[in-house]
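Report on the following structure.
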Amino acid sequence: QVQLVESGGKLVQAGGSLRLSCAASGRTFNTYLMGWFRQPPGKEREFVAAISVSGDSADYADFAKGRFTISRDNAKITVYLQMNSLKPEDTATYYCAASRARDIPTYSGLYDYWGQGTQVTVSS
């Protein structure tokens, strides 16, 4: 069992930066792939980024490449999402999730545990 709690979301101006954190509980955190998803207002949840168990490989959605960076600290059982050059279209609720998949999954159905989400609003 893994419990996830996101934080760091807030209102920010376009062009600004935010770092989201996802604190996990449970001794098995370092056996899970970790991912970030987001759900813009009125839209479906979409993949943002995910990172391997060791943290040495990651995958990103096209819109995140070059602007977002996912990382994890297994000692602190926390995963981060650094977001730079934010745009109004990045406005969404951001969720972190944990997966036992073998390879980095981009499909939400392959994630076993989810946090409650944190709101990011980017003003123009």
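All residue numbers in this chain count up from 1 along the given sequence.
Taking the six-membered ring for Trp and the full ring otherwise, Phe37 and Tyr111 have centroids separated by under 6.0 Å.
Among residue pairs with one or both ends in residues 90-116, those qualifying as salt bridge (charged side-chain N to carboxylate O under 4.0 Å, His left out) are Arg38-Asp90, Arg67-Asp90; sequence neighbours excluded. For residues 2-16, there are no salt bridge (charged side-chain N to carboxylate O under 4.0 Å, His left out) pairs, not counting sequence neighbours.
Residue Phe63 is grouped with residue Leu18 when hydrophobic side chains (ILVMFWY) are merged at heavy-atom distances under 4.5 angstrom, including chains of intermediate members. In the hydrophobic clustering of ILVMFWY residues, with side-chain heavy atoms under 4.5 Å counting as a link, Met34 and Val120 come out together. By the criterion of side-chain heavy atoms lying less than 4.5 angstrom apart, applied directly or through intervening Ile, Leu, Val, Met, Phe, Trp or Tyr residues, Tyr94 is not grouped with Trp114; the two fall into different hydrophobic clusters. Cluster annotation: Tyr80 and Val12 are assigned to distinct hydrophobic clusters (Ile/Leu/Val/Met/Phe/Trp/Tyr, side-chain heavy-atom contacts under 4.5 Å, transitive).
Remark: Arg72 engages no residue in a salt bridge (charged side-chain N to carboxylate O under 4.0 Å, His left out) (not counting sequence neighbours).
Expressed to the nearest 0.5 Å, how far OG of Ser124 lies from CD of Gln13 amounts to 9.5 Å. Rounding to the nearest 0.5 Å places SG of Cys96 at 9.0 Å from CD1 of Ile70. Rounding to the nearest 0.5 Å gives a distance of 5.5 Å between CE of Met83 and CZ of Phe68. One distance of note links CZ of Phe47 with CG of Asp62; it measures 10.5 Å at 0.5 Å rounding. Taken to the nearest 0.5 Å, the OG1 atom of Thr69 stands 9.5 Å off from the CD1 atom of Ile51. The line from OG of Ser54 to CG of Leu33 is 9.0 Å long, rounded to the nearest 0.5 Å.
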Stepwise side chain to side chain contact (heavy atoms under 4.5 Å, CB included) check, Val2 with Leu4: CA-CA 7 Å; Val2 175; Leu4 305 170; 3.5 Å; yes
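Under the 3.5 Å distance criterion, the side-chain polar atoms of Thr91 are left unmatched by any main-chain donor or acceptor of Glu89. Between the side chain of Thr28 and the backbone N or O of Thr31, no donor-acceptor pair lies under 3.5 Å. Using modelled atom types, no side-chain atom of Asn74 and backbone atom of Ile77 make a donor-acceptor pair closer than 3.5 Å. Between the side chain of Thr118 and the main chain of Gly9, a donor-acceptor pair closer than 3.5 Å is present. Remark: the backbone N or O of Tyr113 is not paired with any side-chain donor or acceptor of Tyr32 at under 3.5 angstrom. No donor-acceptor distance shorter than 3.5 angstrom exists from the side chain of Ser85 to the backbone of Gly15, with no hydrogens or angles considered.
For the 3.5 Å distance criterion, the side chains of Asn84 and Ser17 qualify, holding a donor opposite an acceptor. Gln119 and Thr93 are linked by a side-chain donor-acceptor pair at a separation below 3.5 angstrom, with hydrogens and angles left out of the test.
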